[in-house]
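What follows is a short report on a single structure.
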Amino acid sequence: MPAQTEPLETLETAIVADEQGMSWGKQRIRRRLIVHGLQLTVIVLLLLGWGYSPTSIIPIPAVSRPGPVGSELWKLISSGQIFGALGTTALAIVEAMVIAAPVGILLGVIASNKIAGWLLEPIVTVGYAIPKVGLITIYIVVLGVNTKSHVVLVLSTVVFIYYYAMRQALSEVDTATVSALRLMGASSMKVARSVILPASVPPLLGATRVALPLAFATEIYAELRVPTSGLGVLLGNFTYNLSAAQTVAVAIFVAAIAYIVDIFLGAGLRYYSKITGMRES
Amino acid sequence: MTAMSTTQRRVATKTLAGVAQWVCCGFIVYAIWAWALSPNISNAFFAYPGKVFDEIGTWLSNGTAWSLASTTLAEALAGFAIGSVLGIIIALAIGLLPQIVGEVFEPFVTALYTAPKFVFIPLLFIWLGADFAPRAVLVVLAVFPVITIYTLVGIRTLDPARAHMFRLLGASRVQIASKLLLPHTAGYVTTGMTVVLPQAMFMAIGAEILFGTSTGLGGRMYTQAELFNGTGVLAALVISTILSGLLIWGVGGLARRLLKIGGLSN
């Protein structure tokens, strides 16, 4: 995904702020408060629309109303049931990512070799085009109805992201710097540590930001298809019982968790960029 | 007869090398599939390549393959078209209005992007049933935020100095939009569409599997799995893979060709 641009502070804004007797920082805080206030207003309007729309537009049996949904969400949170399910889902995702990242990176490094790349490229291209959602059936057969089939499904979805990120990182490595280091007698390990590794970190962090929501979605899908335990199973059970309020509550919780994780990853990426930017200057 | 030019010779060599590459890799995959994997797994669940291709041949001759593919493609393309149009409209609205509008609404688009879309399947199932509509809606939910974000990036990376120059030269807002904004943004929109199109296919197939339908390629995978027919599952999977590959290659190439024809490539 392309990086989203931050709003820029212009010279005009600084002049206006100065004329109004406000510091730059205060102007920024004021703007943030206005934006968050407007966002809260939009959320309240959406909730009011949801709550008071006629059933012909928003059917209660399908999505319930904000009150019951909020109440069910609170029950799930206070009882800890949803956190237990979240833990199971998160564990499967972490297991898959911990295996997928090194495998993808290793494949990317291997593919940088001419012959290996020549052989690997069509296989990876076809592998990427396979709809992974269809592979769950095969994984169930081979691995059984347990979390292993989930982990392998998430792994096979996410590994390509790290592969392509590593390929991109290696293609952007400054060959002049590598040549210079080799001429000065640097070993391959030294070149890898000094040039290749630092160049690889930003694309790999970016790949993690893309891979994590995808892993989350794939794990939810796997849990809906192969009910063992986790958030997907919770969702599936409430749907089976036609409990719209609980279903919507879990859906909102899942969406909120995914968004919060993305915010933290984005903040981490920006922090890393800031640090490396400071070192370079 | 004239001898081949250097360029023609280069193109021919490249094409031959490409074909050789794919044949080589196809043989490796066939070998792994036929000799390494299949003997170790029951034929009820995992079939030899020959059997799978026979099944595909049967489906092609009796029209099953076309019917399945057309259902899945219809869901994917309908959702893709609606999601793309919505995404471009919303992005233009956010991008061209005052900056504060974007700051307010972008987190909602990001939240929709990060949310696992399959989480909406139970809601859609209760609301719209298990037919074409909920599957297409799921694809729309997957496509819309991606196209919005790519379009917004295209709008925001437009060089303001060039826009000022256009205004100084007396260009109207329509002229700035058509001669500057559209060509610049079109590249980003095309990239977004190429990125999200395979996801549209995967969403359509995943929805068919989760809804437990018998229509479409996903529905065929689901029903064949329930019948413990590994041949059928793999046949549907191979057809889905070929379709996804063709979509990625075909639509991406078509989009680039259209941009070139329209003089919109950067």
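Values reported hereafter were calculated over all heavy atoms of this structure, with side chains retained and with hydrogens, waters and symmetry mates removed. Protein chains get the first letters and strands the later ones, always in sequence-line order, with residue 1 at the start of each.
- Ranked by non-hydrogen atom pairs under 4.5 Å with chain B, the options L235(A), I136(A), T125(A) are led by L235(A).
- Ranked by heavy-atom pairs under 4.5 Å with chain A, the first of A236(B), P107(B), G212(B) is P107(B).
- The two atoms that bring G117(A) and Q21(B) nearest to each other are O-NE2, 4.4 Å, heavy atoms only.
- For F238(A), the CZ atom is densely surrounded, since the number of other residues' heavy atoms within 6.0 Å is greater than 12.
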side-chain contact (heavy atoms from CB on, under 4.5 Å) assessment of K117(B) paired with Y221(A)
CA-CA 9 Å; K117(B) 308 301 175 296; Y221(A) 164 80; over 6 Å; no
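- Taken to the nearest 0.5 Å, the CG atom of L237(B) stands 8.0 Å off from the OG1 atom of T137(A).
- At a threshold of 4.5 Å between non-hydrogen side-chain atoms, the residues V119(B) and F216(A) do not count as touching.
- A pairwise comparison of heavy atoms in P116(B) and A217(A) identifies CB-CA, 3.5 Å as the closest pair.
- In this structure, the separation between CZ on F202(B) and OG1 on T218(A) is 10.5 Å, given to the nearest 0.5 Å.
- Proximity to chain B is absent for every atom of V250(A), based on heavy atoms less than 4.5 angstrom apart.
- By number of non-hydrogen pairs under 4.5 angstrom with chain A, the leading residue of V238(B), T241(B), I121(B) is T241(B).
- Only the side chain of I28(B) comes within contact range of chain A, with at least one heavy atom under 4.5 Å from a heavy atom of that chain.
- When each of L224(A), V63(A), L242(A) is scored by its heavy-atom pairs under 4.5 Å with chain B, the top score falls to L224(A).
- In this structure, the separation between CD1 on I242(B) and CD1 on I130(A) is 10.5 Å, given to the nearest 0.5 Å.
- Judged by distance alone, the side chain of E103(B) and the main-chain N or O of R32(A) form no donor-acceptor pair under 3.5 Å.
- Considering OG1 of T247(A) and CD1 of I126(B), their distance stands at 5.0 Å, rounded to 0.5 Å.
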Start with the C-alpha distance between T41(A) and V104(B), add both sets of side-chain angles, then the distance that settles side-chain contact (heavy atoms from CB on, under 4.5 Å), and finish with yes or no.
CA-CA 10 Å; T41(A) 311; V104(B) 170; over 6 Å; no
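- At a threshold of 4.5 Å between non-hydrogen side-chain atoms, the residues I263(A) and T110(B) do not count as touching.
- A distance of 6.0 Å separates CZ of R225(A) from OH of Y222(B), quoted to the nearest 0.5 Å.
- Chain A forms more heavy-atom pairs under 4.5 Å with one residue of G102(B), S240(B), A17(B) than with any other, namely S240(B).
- When heavy atoms are compared at a cutoff of 4.5 Å, I220(A) approaches chain B solely by way of its side chain, counted from C-beta outward.
- Shown here for I209(B) and G134(A), the closest heavy-atom pair between the two residues is CD1-CA, 4.0 Å.
- Residue contact with chain B, scored on non-hydrogen atoms closer than 4.5 Å, involves the side chain of I34(A) exclusively.
- Going from atom OG1 of T239(A) over to atom CG of L124(B) covers 10.5 Å, rounded to the nearest 0.5 Å.
- A 6.0 Å sphere centred on CD1 of I115(A) holds no more than 12 heavy atoms belonging to other residues, nucleotides or ligands.
- Note: A251(A) leads A256(A), A251(A), P213(A) in heavy-atom pairs under 4.5 Å with chain B.
- Side chains of M203(B) and V133(A) form no contact here, defined as non-hydrogen atoms less than 4.5 Å apart.
- Contact annotation for V29(B): only side-chain heavy atoms (C-beta onward) come within less than 4.5 Å of a heavy atom of chain A.
- Taking F118(B), F120(B), F105(B), F125(B) one by one and counting their heavy-atom pairs under 4.5 Å with chain A, the maximum is reached by F118(B).
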